[in-house]
Amino acid sequence: QVQLVESGGGLVQPGGSLAVSCTASISIYVMGWYRQAPGNQRELVATITSAGSTTYVDSVKGRFTISRDNAKNTVYLQMNSLKPEDTAVYYCNARHRFGLGSPYWGQGTQVTVSL
């Protein structure tokens with residue numbers, strides 16, 4: 001079975017930086033990050049394909065950078081200039097090209113931006 005394992009969450013002050021990572025047990029076409037704050041819908045934050053094409057939600061453009069290491073089946077999210085509204089559980093997500101099969105999910109990692 002396919003597994004996604006996340007690491008790197010934690011507590012950071014506003015304006016600070018934090019990076020999270022996610023390693024999959026197999027190679028997958030598109031990987032990305034969702035986040036969910038209490039009382040909110042789960043929101044797509046960023047995606048990256050195996051070829052390096054990226055997308056970002058408008059609220060994080062210019063602050064977050066998604067990248068991946070295909071040899072390690074690992075995706076990263078570098079988060080800079082963090083704001084309290086970035087506080088959420090961040091979930092790694094992966095899916096095959098053309099939406100084949102079911103998506104895969106990581107266990108979630110807490111990111112808290114607070115004084």
Interatomic distance, OG@Ser59 vs NZ@Lys83, rounded to 0.5 Å, equals 8.0 Å

Are Met31 and Tyr104 side-chain neighbours, meaning at least one heavy-atom pair lies under 4.5 Å?
-> no

Kindly work out whether a path of hydrophobic side-chain contacts (I/L/V/M/F/W/Y, heavy atoms less than 4.5 Å apart) joins Val30 to Val45. no

State whether the side chain of Thr87 and the backbone N or O of Val113 hold a donor-acceptor pair below 3.5 Å, judged by distance alone.
yes

In short, salt bridge (charged side-chain N to carboxylate O under 4.0 Å, His left out) pairs touching residues 8-32 with sequence neighbours left out are none

For Ser114, the side-chain contact (heavy atoms from CB on, under 4.5 Å) test, sequence neighbours excluded, returns Leu11, Thr112

Taken in chain and number order and not counting sequence neighbours, the residues that satisfy side-chain hydrogen bond (donor to acceptor under 3.5 Å, both in side chains) with Tyr76 are none

Sorted by chain and number, sequence neighbours left out, ring-ring contact (aromatic ring centres under 6.0 Å, His included) with Phe64 holds for none

Interatomic distance, CG@Leu44 vs CH2@Trp33, rounded to 0.5 Å, equals 12.5 Å

Verify, without hydrogens or angle tests, whether Gln110 (side chain) and Gly9 (backbone) share a donor-acceptor contact under 3.5 angstrom. no

Between Leu115 and Gln13, the two heavy atoms sitting closest are CD2-OE1, 4.5 Å

Throw together a table of side-chain donor-acceptor distances under 3.5 angstrom for residues 51-58, partners on residues two or more places apart or in other chains.
{"from": "Thr55", "atom 1": "OG1", "to": "Thr47", "atom 2": "OG1", "distance (Å)": "2.6"}
{"from": "Tyr56", "atom 1": "OH", "to": "Ile66", "atom 2": "N", "distance (Å)": "2.9"}
{"from": "Asp58", "atom 1": "OD1", "to": "Lys61", "atom 2": "NZ", "distance (Å)": "2.9"}

Across all chains, not counting sequence neighbours, the side-chain hydrogen bond (donor to acceptor under 3.5 Å, both in side chains) partners of Gln36 are Arg42

Sequence neighbours excluded, the answer for ring-ring contact (aromatic ring centres under 6.0 Å, His included) partners of Tyr34 is Trp105

For Arg63 and Ser81, indicate whether the former's side chain and the latter's backbone hold a donor-acceptor pair under 3.5 Å.
yes

Report task. Report whether Val12 and Leu77 are members of the same hydrophobic cluster (ILVMFWY, side-chain heavy atoms less than 4.5 Å apart, transitive linking). Result -> yes

Sorted by chain and residue number, the side-chain hydrogen bond (donor to acceptor under 3.5 Å, both in side chains) partners of Arg95 (sequence neighbours excluded) come out as none

The remaining residues in the hydrophobic cluster of Phe98, counting side-chain heavy-atom contacts under 4.5 Å among Ile, Leu, Val, Met, Phe, Trp and Tyr, are none

Donor-acceptor list for residues 16-26 side chains, cut-off 3.5 Å, not counting sequence neighbours:
{"from": "Ser17", "atom 1": "OG", "to": "Asn80", "atom 2": "OD1", "distance (Å)": "2.8"}
{"from": "Ser21", "atom 1": "OG", "to": "Ser7", "atom 2": "OG", "distance (Å)": "2.9"}
{"from": "Thr23", "atom 1": "OG1", "to": "Thr74", "atom 2": "OG1", "distance (Å)": "2.9"}
{"from": "Ser25", "atom 1": "OG", "to": "Gln3", "atom 2": "N", "distance (Å)": "3.0"}

Applied to residues 36-78, the disulfide (SG to SG under 2.5 Å) test, sequence neighbours excluded, yields none

*Assess whether atom CD of Gln41 is packed by more than 12 heavy atoms of other residues, nucleotides or ligands within 6.0 Å.*
no

Sorted by chain and residue number, the salt bridge (charged side-chain N to carboxylate O under 4.0 Å, His left out) partners of Arg35 (sequence neighbours excluded) come out as Glu43, Asp86

Shortest non-hydrogen pair, Gln107 vs Leu4, comes out as OE1-O, 3.6 Å

